[in-house]
Amino acid sequence: MVEEMKEFSSLTCQKAGTREHDRVQRARILIVGLGGLGAPAALHLAAAGVGTLGLVEFDDVEISNLHRQILYRTPDLGRPKVRVAAERLTALYPGVSLKCFAERLSTQNVPKIFPEFDFIIDGTDRVASKYLVNDGAVLCGVPFSHAGIMGFQGQTMTVFPGQSACVRCLFPTPPPAGEVPTCQEAGIIGALAGSIGLLQAVEALKYLLGAGELLTDRLLIYDALATGWRTVRVSRNRRCPLCGDQPTIRQLVSADSADEPCG
Ligand SMILES: [Zn+2]
């Protein structure tokens, strides 16, 4: 068994050739939200050798975060997440270059931050923020991985602006405040959040390497209770207010929302 593991490890390392390594090392990936999705994604992207990671997060570490936001530990309580994350990632992977944005994502900073990156991981925890990431990424032309988690279910989809369906193609407007249960009400399984966050990291790496088929025009849904995955076909909506034939959204709209943060 040990020999088999050595051989597998060797094959895996050989497959990652110099050219692929260089592509990953030159890459710049932005992670918006360092919660249950973004924390595991950040760890694995840094471990994979991504050269530059952008980290957007304005919250401090709370005890209720620790079961799923695995960058943080009990001694970090009360400290800014982005600072703790930078310390941990640098200690684990000194080669990674970090660009930290200790600020709430807004219509003002999205146009400045997003174009600096090759790919974006949406690890946000509010419906309004997810629409802001979607709109900002599409308007800036930056591919991104969308995701959401609730209770025992998670979902994710990759958006390639100009080529594939965006979140508004599927849901043109956000649901009214209060219609979607908060994470406190529905609960979050930490390991489930991690599973979806890691899928997002894989999508980012596939994009950088040009490998396989991205999860575009498909919504992947993970039902942990039934232990099943299914994909729902999503078509680009010609009447999408953002990326349709006659878009009505030409600039970013406010992300203000009554949603409670809980990622
Ligand atoms: Zn669209």
Side-chain angles (χ1 to χ4, degrees), residues 29-33 37-38 41 54 56 104-150 153-181 196-197 199-200 202-204 206-208 210 212-222 229-259 263:
I29 296 181
L30 181 69
I31 301 171
V32 184
L37 297 166
V56 181
R104 186 191 289 268
L105 201 68
S106 72
T107 54
Q108 283 76 42
N109 60 17
V110 162
K112 295 174 190 159
I113 298 173
F114 281 18
E116 289 186 40
F117 293 88
D118 304 312
F119 192 95
I120 299 167
I121 303 276
D122 177 5
T124 63
D125 47 25
R126 304 173 181 214
V127 173
S129 300
K130 293 188 183 301
Y131 276 79
L132 180 55
V133 172
N134 180 72
D135 296 356
V138 170
L139 290 173
C140 294
V142 183
F144 75 100
S145 172
H146 162 82
I149 45 174
M150 190 69 73
Q153 194 174 87
Q155 61 185 39
T156 179
M157 178 173 87
T158 298
V159 176
F160 202 125
Q163 295 188 29
S164 74
C166 80
V167 173
R168 283 191 190 268
C169 289
L170 193 56
F171 307 109
T173 55
E179 190 170 285
V180 178
I196 301 295
L199 280 175
Q200 294 184 277
V202 172
E203 284 293 290
K206 281 165 58 186
Y207 173 73
L208 298 178
E213 292 181 24
L214 291 173
L215 187 63
T216 48
D217 293 327
R218 292 173 290 159
L219 184 70
L220 180 65
I221 299 170
Y222 176 37
W229 300 82
R230 65 190 170 94
T231 53
V232 176
R233 213 66 223 173
V234 181
S235 298
R236 199 166 167 205
N237 182 355
R238 296 180 64 179
R239 284 190 278 182
C240 173
L242 181 67
C243 73
D245 293 343
Q246 294 179 313
T248 54
I249 301 171
R250 296 177 183 278
Q251 60 184 18
L252 293 175
V253 293
S254 172
D256 290 345
S257 167
D259 298 340

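The structure displayed is predicted, hence computed values, not measured ones.
Taking all atoms of both residues into account, the shortest heavy-atom contact from V110 to G136 is CG1-CA, 3.7 Å. Here the closest non-hydrogen pair linking C169 and S235 is CB-O, 4.0 Å.
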Could you go step by step and tell me if D135 and R168 meet the salt bridge (Lys or Arg N to Asp or Glu O under 4.0 Å) rule? CA-CA 8 Å; D135 296 356; R168 283 191 190 268; 2.7 Å; yes

Which is it for I29 and I120 under the side-chain contact (heavy atoms from CB on, under 4.5 Å) test, yes or no, and what are the steps along the way? CA-CA 6 Å; I29 296 181; I120 299 167; over 6 Å; no

Go through the steps to decide whether L37 and I121 satisfy the test side-chain contact (heavy atoms from CB on, under 4.5 Å), and finish with yes or no. CA-CA 9 Å; L37 297 166; I121 303 276; 5.8 Å; no

Can you check side-chain contact (heavy atoms from CB on, under 4.5 Å) on L199 and W229, steps first, answer last? CA-CA 12 Å; L199 280 175; W229 300 82; 3.4 Å; yes

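Contact annotation: the side chain of L105 approaches that of V133 to within less than 4.5 Å [non-hydrogen atoms, C-beta and beyond].
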If you look only at distance, which donor and acceptor atoms sit under 3.5 Å apart when one is on a side chain in residues 214-222 and the other is two or more places apart or in another chain?
residue : atom : partner : partner atom : Å
D217    : OD1  : A165    : N            : 2.8
R218    : NH2  : L214    : O            : 2.8

Can you give me every donor-acceptor pair (side chain of residues 140-149, partner residue at least two apart or in another chain, under 3.5 Å) with its distance?
residue : atom : partner : partner atom : Å
S145    : OG   : Q200    : NE2          : 3.2

Give every donor-acceptor pair under 3.5 Å between a side-chain atom in residues 236-245 and any protein atom, sequence neighbours left out.
residue : atom : partner : partner atom : Å
R236    : NH1  : G162    : O            : 3.3
R236    : NH2  : C243    : O            : 3.1
N237    : OD1  : R239    : N            : 2.8
R238    : NE   : D245    : OD2          : 2.7
R238    : NH2  : D245    : OD2          : 3.1

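To the nearest 0.5 Å, atom CE of residue M157 and atom CD of residue Q155 are 9.0 Å apart. A distance of 11.0 Å separates CZ in F119 from CD1 in I31, rounded to the nearest 0.5 Å. With values rounded to the nearest 0.5 angstrom, L139 atom CG is found 8.0 Å from I249 atom CD1. With values rounded to the nearest 0.5 angstrom, T156 atom OG1 is found 6.5 Å from E203 atom CD.
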